[in-house]
Amino acid sequence: MWIEKYRPQGLDDLLSHQEIIATLRTLISNNRLPHLLFCGPPGTGKTSTILACAKEMYGSSFKSMVLELNASDDRGIGVVRDQIKSFASTKRIFSSGVKLIVLDEADAMTTAAQMALRRVVEKYAANTRFCIICNYVNKIIPALQSRCTKFRFGPLPADDVRKRVLEIAAFESVSISSDGLEALLILGKGDMRRILNVLQSTHLASSGARGGEITADAVYSNTGAPHPGDVKAAWGWLLERTFPDSSAKLRTLMQDKGLALGDIITELFPLVSTSSLSKNAKMYMFESLSDIEYRMATGSLEKLNMAALIGCCKFASAMNAGSFSL
Amino acid sequence: MASDSLLWVDKYRPSSFDELSFHEDLTKRLRNLCSSNDIPHLLFYGPSGAGKRTRAGCVLKALFGPRADKKKVVHRVFKVGESSKQVEVTTVASSHHVEFNPSESGNNDRLVVQELIKDMASFAPIDMTSSNVSIKKSLKVIVLHEVDQMSRLAQQALRRTMEKYSRTCRIIMIAESVTRVLEPLRSRCLGIRVGLPTEGHIQSVLSGIAKREGVSLPEPLSKRLAQQSSRNLRRAILQFEATRVSVGGLDLPPGAPIMRGDWEYACNDAAILMTRSQSAQQLVHVRKRLQELLAHAIPPDVILRRLVENILNIADDEICPEICQLSAKFDRNLTNGTKPIFHLEAFAARFMQVYAQFLRSQAVMLD
Amino acid sequence: MYTNRVMGDRAWGCGGERWLRGARDASCGGAHAAPAALCKCASAAKEWNRAHCRGSQSCDIGQKKKTVFVCCTLGYNTVNLFMSVPMPRAITASSPRKKKQKGTKQKKSVTLLITLIRTRVSISSRLQPVLARVRCLCWRPSCCAIWRESLDLSFILLYPDLHSDRLRRLRPSLGTQATSTPQRSRLAMADREGSQLWVEKYRPRKITDVTHQDQVVSTLQRAVTESAGRGELPHLLFYGPPGTGKTSTALALVRDLFGVQNLRARVLELNASDERGIKVVRDKIKTFAQTTVSNPVPAKHGDTRKYPCPAFKVVILDEADAITIDAQTALRRTMEAHSKVTRFILICNYISRIIGPLTSRCAKFRFNSIPMHAMMGHLKGIAKREGVDIADDTLRSLIETSEGDLRKAINTMQSAHRMHSMTKGSLDMDMISAVACLIPPRVLDMFDAKTAEVGLTNSEVRKVVDEIVMDGYSVSQLLSQYGDRLLKDDGCDGIRDMNDLQRSAVAVILADAEKGLNDGCDEKLQLYNVASKISRIAGMKDNVEGLLKIQAI
């Protein structure tokens, strides 16, 4: 798997977040590492950072000084009480420095387990440091948050990502067109892992095809996301064509490309904002789109909501033309 | 009266296809089904009082003969998961079938359904003495009542269980509203729609019962009974019996008063209050009625429905669409909310406001 | 409230008074029957009771004449008549002032009462929820606030004859432990001969039998012959509309890889209705994924095919969109960690419902919906082999109602065939609608015509709705089929006459009503609303403002 193969090994290999890395480096060298709380969207380098730090701190005795627990391991309150506590309370002979416990995907820990954890964090602060990694910081109880220093990992900036992707593509001899690269970046939304995964699976899927170049079409069809061109065309039909016509065309589009109505609505939203409809029509469209999305989320029939989508687009264009308002 | 304490509803419930008196084409189809070698899973659906349960019973009798009539009540106790909580379920069983109501166990219905069906299906059927080895004789049948009230998880579990054990047991489901039955479950069963009988059918059933009981039922009374029952046969028979008891004796006068539930009168009252005058003071009176109804454990959606129907009968045709819209809106709030009195009262208040406006505009037009 | 347990899964019985349901058997004691005194209404009941009880205070024990008025409910709404039930000895009096006696004692006495009432009810009705509200004038109604809510409510007349129809009590059979029956997966089931479902009988056995998914089939075939032998099969993700062959392909694939005899050891199949929360991922799947592969069992006698039987195991997760996000997250680590020994095949309808990290670990295969002519071919073949007499255009409308889902179409055809096996002549659309819980075309036509008829009074519209609901048709299905007609420009004059904006308004109204039904609202009220709105829309041909207002919820 490419994400494992190209995972940054040392602190120098990390792509971005240079300020965080600099801070960490200073703290490590001064031996004043606090408890850490890494939060941010997935695929931005949180786990890689802490693993790289750990390697730098411990070198070869990495395995015995670091305990790593993630969401697929049982991390209930029992484990906190036994495993973590026993690891935290022992000190290795002939070694100075603190041990490290990494709790990955900590948002999945129950509140009760987190409560039990906070006491452990306090008690064994002398010889253990905790690193809590999560996506949503509000899922970590405030008591734990206050015991740690928070580092926020934002989505990776596009330029860094682009450079790295081209590097990896060169290593793996994958040819990727420029619009393919852009599509990759848009879909990835600053999540390096996702981008690499999509790149790898698109490469696998198109390796049988001629040339094997990764184009934007290949990327979109591989992830099941609607192509922006398709959505734009759909928006055009919805506004201009008659009711039965637009329904037939929309249905064919969804069937051919295997799209869900929810995906289309997500992509439609920015199109509505930038369209040339009147203010009233836009307001009406936003409200209707949100109603449709709400209904779909609670399990309504897709067919009827598709009809409702067509209906409100028709009303929007009527409002635009005749300057009506609600 | 001392010898048989059964209600007329139960006493004269048809137990075989020959005794069914309406929906003949449905009966014919069911007969065909039962005479074939194998039956699929069945789903009887339709409004209450239409005869779904009766027909399910007839199917059982047709399949298994008179043995199906020998029923016993069995209480089963199940353990819930690892905790020591126990769930108790009342089932009615004969040697070939088991019936129970999964929604009785509340949140544990999934567990109950799985356990019970697994139990049933894993044991060999009792009727081993029969030399007739046709498939249907060796089947066990599980009858589930009120399937639409089961939680979604329980329905999914049921679907899987149906697949697994379809060799040894068949499931007959009875539901009132087929919308609430999951689509995969519906597609695994043969759907049998049982609609409500017409008033003519009801009248003929009532006169049949009257004859067997030796009670004289004059035509106008029978017609009124059929009308007031809103095509619900069970209700009609029960009202008939109640009328007969209240009158005493065997000769019913045509003008005998037909008893209705207290709560129906209360709903009617509330509706009349709301349409007669609209003010804050009136709202207080209406609220009192509504609270009383709720205190008597009438389900709030029944209250709302009855209220709306009464109002629609009283109010002008022009305002009716608005009333329908209001009722739909407050019905939604009622379903999603937790305190029914708020929503019922809100509906009453809003209705009164709308109605008052309407009346005023009518008055203005007349001037 | 107890409503909407399909979608909402809310706590049962929250709010409001709580009513006991279906009490346990308790000892009936030696109650004596007294002749019933039936009263016509509450006031008369009050009089009667006052005449027989000493004042309105508590009823003493030992006074057998003390009676209790009971309103009972059974089934649907009927009549309430009060009847007097002689109070058995065991019921302890509880005066309103003695609040301490509330609780277990009251519960017991209530239980007894319910049992007494139940003895009156014939066995066949015994499963209906019996709710008893002890309307004893000695007790304040608010004392009875300990019972769970009943679902059906009505009032019923009961005869106070306790002796006949006594409840036969059996010793309650002790709790059944969860015995682990051998998991009969669909693999095993389909292989057994004589499987009754046509869907199982004609399910494709080999990958090459799966039709109309050429790209998938060719890639998988390559995978089986070449890479699987080398152990290079990636994790797979099959997605697409329901009934297009995803599960069949997965099953055929594992059968081709391992042969039937190895399936139980090498394959773990989990479906949406099995437990699949995060705990199961951590325990079951992880344990299965971690154990090393066993040696392959030799093929059965007579089976000459050579199975590659590569050195890994397969976990098939069917309906993967129903796995919670937490469980999916936990799953991804497992997939990563044990990817040498285990392969995962995820099957879902929409790929967007699987989290990104999982989809990016899998090779994705899209299953297209099967086109009309292919389905016709399939169904015709099955019809010939099973002896079903069905005309071509009936078959076509059957396929249309199944919306590209082959499984649904086959099931419907099988059910219709079973139901009408004795009738002569071929199956027609009416029979098929009856079987598949669909609304028959004539009912839909009537609804269409009546609601769109301009000038119809509201009461007439309501009559139409009443008819439909009383006949038992599913309102949600009605809305769905009506929506179909709207989209496809089918139907009779009602819809055809509507212009685009009118249709749009109707569409929005339908979607909203369907959501309401989904939430569990009352069908009749929602349909009243829809019908009255459609009938207003029919009269608003060019009135854009009016239409806007109507569809604004």
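Per chain, numbering begins at 1; letters A, B, ... match sequence-line order.
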I'd like to know if Arg462(C) and Asp466(C) make a salt bridge, using a cut-off of under 4.0 Å between side-chain N and carboxylate O. no
Top contributor to chain C contacts, counting heavy-atom pairs under 4.5 Å, from Gly46(B), Gly195(B), Ala328(B): Ala328(B)
Can you say whether Val199(C) sits under 4.5 Å from chain B via the side chain, the backbone, both, or neither, judging by heavy atoms? neither
First locate atom OH of Tyr528(C), then atom CG of Leu525(C), and finally report the distance between them rounded to the nearest 0.5 Å. 7.5 Å
Please confirm whether the backbone N or O of Trp8(B) pairs with a side-chain atom of Glu241(B), one donor and one acceptor, at under 3.5 Å? yes
Glu460(C) atom CD, neighbour heavy-atom count above 12 within 6.0 Å: yes
Quick one: which of Leu304(B), Ile192(B), Asp331(B) has the most heavy-atom pairs under 4.5 Å with chain C, could you say? Asp331(B)
Let me know if Val461(C) has heavy atoms under 4.5 Å from chain B in its side chain, its backbone, both or neither. neither
With chain C as the partner, which of Val178(B), Ile341(B), Leu190(B), Thr54(B) has the greatest number of non-hydrogen pairs under 4.5 Å? Leu190(B)
Output the distance between atom SG (Cys324(B)) and atom CG (Leu527(C)), rounded to the nearest 0.5 Å. 10.0 Å
